[in-house]
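This report refers to the structure that appears directly beneath it.
Just so it is clear: chains get the letters A, B, ... in the order the sequence lines come, proteins before strands, and each one is counted from 1. All figures in this text were calculated on a predicted structure; none of them were measured in a lab.
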Number of protein chains: 2
Amino acid sequence: MLKTPAYAAESAKAPLVPFSVERREPGPSDVLIDILYCGVCHSDIHQARDEWGGSTFPMVPGHEIVGRVARVGGSVTRFKVGDAVGVGCMVDSCRECAQCRTGEEQYCDHGAVMTYNGRGRDGTPTQGGYSTLITVDESFVLRIPESIPLDRAAPLLCAGITTYSPLRHFGLKAGDKLAVVGLGGLGHMGVKFGKALGAEVTVLSTSPSKEKAAKELGAAHFAATSDKDTFKRLAGQFDVILDTVSAPHDYNAYLSLLKVDGTMILVGAPEAPVPLAAFSLIARRRKLVGSLIGGIRETQEMLDFCGEHELASDIELIPIQKINEAYERMIKGDVRYRFVIDIASLR
Amino acid sequence: MLKTPAYAAESAKAPLVPFSVERREPGPSDVLIDILYCGVCHSDIHQARDEWGGSTFPMVPGHEIVGRVARVGGSVTRFKVGDAVGVGCMVDSCRECAQCRTGEEQYCDHGAVMTYNGRGRDGTPTQGGYSTLITVDESFVLRIPESIPLDRAAPLLCAGITTYSPLRHFGLKAGDKLAVVGLGGLGHMGVKFGKALGAEVTVLSTSPSKEKAAKELGAAHFAATSDKDTFKRLAGQFDVILDTVSAPHDYNAYLSLLKVDGTMILVGAPEAPVPLAAFSLIARRRKLVGSLIGGIRETQEMLDFCGEHELASDIELIPIQKINEAYERMIKGDVRYRFVIDIASLR
């Protein structure tokens, strides 16, 4: 086994503290990765604090992992030592169900093996990227294009694929009018992808102060949802709405902004159910859909797309010693737009 | 003007009573129809009693109209005297917006002209099919295949197209597993269309007593939703769910019955908004959609499909003098599956 320094939550109520985890020696199909950067996702907080229930401790969070290959198993064909690689939310799946066979491992019938706060198929608890090393089967390792700075690539592994996948799957086309609701870690990637895919992007945000930032990211328009007139003015305007917001909000109001046959995509999940009026959908044959990260094949496609378009996340790089402070700032929405841990601070 | 006997509600609180309306003399593009049968839709009750607000009185309900052509205007090319024809929920639209141009007049940007409780483009209030004659522009007149009994064809004009359109639009395929929720006027047509389109149909109903009827209509399976075990047993089983129910029910429970990428179609509209948990959609990339009747082109396609498959509604034929009693029975769900008025009783 390979001992690696890490930061872990030892219980739901405790701050993250220095910890040590063991990684398996790479088997024939495994890749051992020297972790360089790890993005900080809001779901790290939810799980470290057991806000969704069922968390297991001690827990090393982190599923936006970027590093370089340190060693490969004997049958590994796709990677060699020194390659820039990434690991996202999943490190394994059953590989046999209909979804795994079509490369949609995130919807594995048996539940994909999550990168942390999960259990490997051998029963071992998984531990995430707030650490210096990780061993992952090559089937779940992504290649990072060298045209993207590695620190800014890290958030692509979760925030990136979570927004790219539904925009592609639900058919956003060049010339479409796309509204992105919320301008956080997910929303800012939604704006970048929307623009890169040729859509005319409008950011809808409760904070009028975000207009300048939205336009710098590539949005053509901005509308403050705190202004009631916004919903009248933009009624029936959008082909697609990407809703990244987890705070309570009125789906019916946002649905009214869709054209006939428009699609509203939920990637944020408010804690409590949201009242939905059937007529919000029926009146203009609208679609309300959800989407969960993306499969490995599509994550690679997204990374290659980012490489071609030199597109990456906007980040604040922090040493791991600032992680608890970063969590507090994220809860207040005080980050542009993703914290990324410089794992050099852990060595 | 042509005077025609009818039945009308003179106010929201009054029962329907004998009445007289005037129809316009057919203009160049008009068809004058001798009405033979008119289906009774639940929305007739909602509107006659002003339960949706905005009703105008006196009101002659009825938008499931079947008859024979009595006279045609000089420029009418598609119909001749004696043809079996139908009129559904719409008698006109702007004909210029994007939806009208693609034959989706039900989503007309300016609002389609509804068959009754609406206003024609000249401002005249529209009056429906509980009457002996109606004058309609040929663009909104449907051809009824002679292989269908005319009385059983009437409900196709609303209940038929309301269920056929979304099953086609959202891509129900042969071999798909379809659940139809609710076995009323809409639901029983959903079962028939689902089977005719090659799907394996399951009826989900609160009433275990409906199992026999469901199977007679063509359902392969039946499950009582009053049995909690149903939702465990059928979790993740369906490609498509057609939800015809207007009574309050838990969307999240039904969504859990969909496969990955499954679609739940709302054609019934509960009065109050229904709490929706985002994760019901996100977890397996499910779609919740709505659909409103169908366009004229697709309504003709549906009627032709019914003609080929000798498929029609199951009805109870009543004289118009029983209409108030029929309304009371419909409210109790006591009809298999649609009342149709024999307009001979009005002459």
*With only heavy atoms counted, which part of A:V260 is less than 4.5 Å from chain B, the side chain, the backbone, both or neither?*
side chain
*Go through the atoms of A:C108 and report whether side chain, backbone, both or neither lie under 4.5 Å from a heavy atom of chain B.*
backbone
*Are B:L281 and A:V289 close enough that some pair of their side-chain heavy atoms sits under 4.5 Å apart?*
no
*Picking from A:A277, A:A283, A:S291, which has the most non-hydrogen pairs under 4.5 angstrom with chain B?*
A:S291
*Just wondering, do A:H169 and B:D261 contact through their side chains at under 4.5 Å, heavy atoms?*
yes
*Between B:I265, B:T263, B:V267, B:L292, which has the largest tally of heavy atom pairs under 4.5 Å with chain A?*
B:L292
*If we only count heavy atoms from C-beta on, is the A:F170 to B:R285 side-chain gap below 4.5 Å?*
yes
*Region of B:D243 in contact with chain A, defined by heavy-atom distances below 4.5 Å*: neither
*asked:* Under 4.5 Å from any heavy atom of chain B, what part of A:E104 do you find: side chain, backbone, both or neither?
replied: side chain
_Using every non-hydrogen atom in the two residues, find where B:I282 and A:Y107 come nearest and quote the distance to one decimal._
O-CE2, 3.8 Å
*Minimum heavy-atom separation for A:G268 to B:A278, with atom names?*
O-CB, 3.9 Å
_Structural part of A:R284 lying under 4.5 Å from a heavy atom of chain B_ = both
